[in-house]
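Only this structure's heavy atoms are used, side chains among them; waters, hydrogens and symmetry mates stay out.
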Amino acid sequence: MANIPILRLEGYVIVSIQDDLSDQEAEDLQKRLLESLAVRTAHGVLIDVSGLEIVDSYFCRILRDTAAMAQLMGVGTCVTGLAPAVAVTLTELGLDLSMVHTEGNLDRGLEWLRGRD
């Protein structure tokens with residue numbers, strides 16, 4: 001089972017996913033992330049997926065739902081590092097990710113989150 005660290009930097013929560021996750025691992029990460037937001041206030045969440053070359057529709061839904069849940073908790077979310085093949089897959093699957101803000105890399109994601117404060 002993957003043990004993906006949930007880091008805090010300058011009041012932001014940062015998660016970097018570098019390996020493919022099983023459905024259960026994705027659900028566990030979502031739960032841990034949301035629990036961390038409930039315990040300590042955060043200015044934003046940044047989920048970096050630059051280590052993933054492909055994603056399936058279930059993982060995309062987990063990302064979308066996590067962003068929506070964080071938003072309900074008053075925390076904006078940015079997903080960074082989507083590979084071109086992942087962007088193509090998301091488009092082909094027709095998944096609505098309109099509520100998920102994306103940026104090309106970690107620096108731009110942090111910049112966007114800082115601009116929301």
Side-chain angles (χ1 to χ4, degrees):
M1 180 175 275
N3 187 18
I4 299 168
I6 297 173
L7 307 172
R8 287 191 175 261
L9 175 69
E10 301 175 14
Y12 301 103
V13 173
I14 301 174
V15 178
S16 181
I17 303 170
Q18 296 300 309
D19 293 316
D20 293 333
L21 301 178
S22 69
D23 291 352
Q24 186 61 54
E25 289 170 331
E27 290 172 15
D28 291 345
L29 178 60
Q30 179 188 57
K31 181 180 177 187
R32 287 186 324 133
L33 176 59
L34 294 171
E35 286 173 350
S36 79
L37 296 178
V39 172
R40 276 179 65 194
T41 303
H43 300 295
V45 174
L46 192 144
I47 302 172
D48 180 63
V49 295
S50 60
L52 303 179
E53 292 184 31
I54 58 169
V55 295
D56 63 15
S57 60
Y58 186 74
F59 183 74
C60 291
R61 282 195 301 273
I62 290 282
L63 278 178
R64 179 193 62 205
D65 293 350
T66 302
M69 292 172 195
Q71 185 66 40
L72 287 171
M73 297 172 77
V75 181
T77 302
C78 182
V79 175
T80 63
L82 288 170
V86 172
V88 169
T89 301
L90 297 177
T91 303
E92 288 175 348
L93 291 173
L95 292 173
D96 179 20
L97 296 174
S98 59
M99 80 284 297
V100 179
H101 184 83
T102 59
E103 290 290 347
N105 59 48
L106 191 64
D107 287 334
R108 290 183 59 190
L110 278 173
E111 203 174 290
W112 180 80
L113 287 171
R114 286 181 182 129
R116 297 188 73 229
D117 290 340

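Judged as a side chain to side chain contact (heavy atoms under 4.5 Å, CB included), and not counting sequence neighbours, the contacts of Arg108 are Glu103, Asn105. In terms of the side-chain hydrogen bond (donor to acceptor under 3.5 Å, both in side chains) criterion, Glu111 has no residue partners (sequence neighbours excluded). Every residue two or more places apart in sequence or in another chain was checked for a side-chain hydrogen bond (donor to acceptor under 3.5 Å, both in side chains) with Arg61, and none qualifies. With sequence neighbours excluded, the residues forming a ring pair (Phe, Tyr, Trp, His ring centres under 6.0 Å) with Tyr12 are His43, listed by chain and number. Residues meeting the salt bridge (charged side-chain N to carboxylate O under 4.0 Å, His left out) test with Glu53, sequence neighbours left out: none. With sequence neighbours left out, the side-chain hydrogen bond (donor to acceptor under 3.5 Å, both in side chains) criterion links Ser57 to no other residue. Every side chain to side chain contact (heavy atoms under 4.5 Å, CB included) that Ser36 has, sequence neighbours left out, goes to Ile6, Arg8, Val13, Leu33. The side chain to side chain contact (heavy atoms under 4.5 Å, CB included) search around Leu9 returns Ile14, Leu110, not counting sequence neighbours.
Residue pairs meeting the side chain to side chain donor-acceptor pair (under 3.5 Å) criterion with at least one member in residues 65-81, sequence neighbours excluded, are Gln30-Thr66, Asp48-Thr80. For residues 80-117, the pairs satisfying ring pair (Phe, Tyr, Trp, His ring centres under 6.0 Å) are His101-Trp112, with sequence neighbours left out. The side chain to side chain donor-acceptor pair (under 3.5 Å) pairs that include a residue from residues 82-93 number zero, where partners must be two or more places apart or lie in different chains.
Side-chain contact between Val86 and Val49 is absent, with no heavy-atom pair separated by less than 4.5 Å. A heavy-atom distance below 4.5 Å is not found between the side chains of Leu63 and Val55. At a threshold of 4.5 Å between non-hydrogen side-chain atoms, the residues Leu52 and Ile17 count as touching.
Atoms CZ and CD, from Arg32 and Glu27 in turn, are 13.5 Å apart once rounded to the nearest 0.5 Å. In this structure, OG in Ser50 is found 9.5 Å from CG in Leu82, a value given to the nearest 0.5 Å.
Shown here for Leu37 and Ala42, the closest heavy-atom pair between the two residues is CD2-CB, 3.7 Å. Gly109 and Leu46 get closest at one heavy-atom pair: C-CD1, 3.5 Å. Residues Leu113 and Gly44 share a closest heavy-atom pair of CD2-CA, 3.9 Å. Nearest heavy atom pair, residue Ile4 against residue Ser16, reads CG2-O, 3.6 Å.
Val75 and Leu7 are not part of a single hydrophobic cluster, where members link through side-chain heavy atoms under 4.5 Å apart. Taking hydrophobic clusters as Ile, Leu, Val, Met, Phe, Trp and Tyr residues chained together by side-chain heavy-atom distances below 4.5 Å, Val100 shares a cluster with Met69. Criterion: ILVMFWY side-chain heavy atoms under 4.5 Å apart, direct or through other members. Under it, Leu34 and Leu21 are part of a common hydrophobic cluster. Clustering ILVMFWY residues whenever any of their side-chain heavy atoms sit less than 4.5 angstrom apart, transitively, puts Leu29 in the very cluster that holds Met73.
Ile62 belongs to a hydrophobic cluster whose other members, connected by ILVMFWY side-chain contacts under 4.5 Å either directly or through intermediates, are Tyr58.
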